[in-house]
Amino acid sequence: MSISARNKLKGKVSESIMGDVMAEITIRVGQNVIDAVITRRSAEELKLKKGDTVVAVIKETEVMVSKES
């Protein structure tokens, strides 16, 4: 599948919390963690479970950057 987004991070699902409508998917990328909130329906269609290898695609008009002093 081709996609226009350039920020793609490959990782593994470390946790999946299903709510009534939404699902919180935690993805470990190296030493970092990304939390994604998606619809429960999408999570079910992707059959996401702990240990799955996934790609977090980040397409946003605003990115916040922080630097530790």
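Here the structure is a predicted model, which is why all the values come from computation and not from measurement. Residue numbers count from 1 along this sequence.
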- Message: Checking Lys8 now: which residues fulfil side-chain contact (heavy atoms from CB on, under 4.5 Å) with it, not counting sequence neighbours?
- Response: Ile3, Val55, Val57
- For Thr53, all residues meeting side-chain contact (heavy atoms from CB on, under 4.5 Å), sequence neighbours excluded: Lys10, Lys12
- Message: Would a single hydrophobic cluster contain both Leu9 and Val13, if residues Ile, Leu, Val, Met, Phe, Trp and Tyr are joined by side-chain heavy-atom contacts under 4.5 Å?
- Response: yes
Donor-acceptor contacts under 3.5 Å from residues 21-44 side chains, at least two apart:
from	atom 1	to	atom 2	distance (Å)
Thr26	OG1	Asp35	OD1	2.7
Thr39	OG1	Ser42	N	3.1
Thr39	OG1	Ser42	OG	2.8
Arg40	NE	Glu44	OE2	2.7
Arg40	NH1	Gly19	O	2.7
Arg40	NH2	Glu44	OE2	3.4
Arg41	NE	Glu45	OE2	3.1

- Quick one: list whatever passes salt bridge (charged side-chain N to carboxylate O under 4.0 Å, His left out) with Lys47, sequence neighbours left out. none
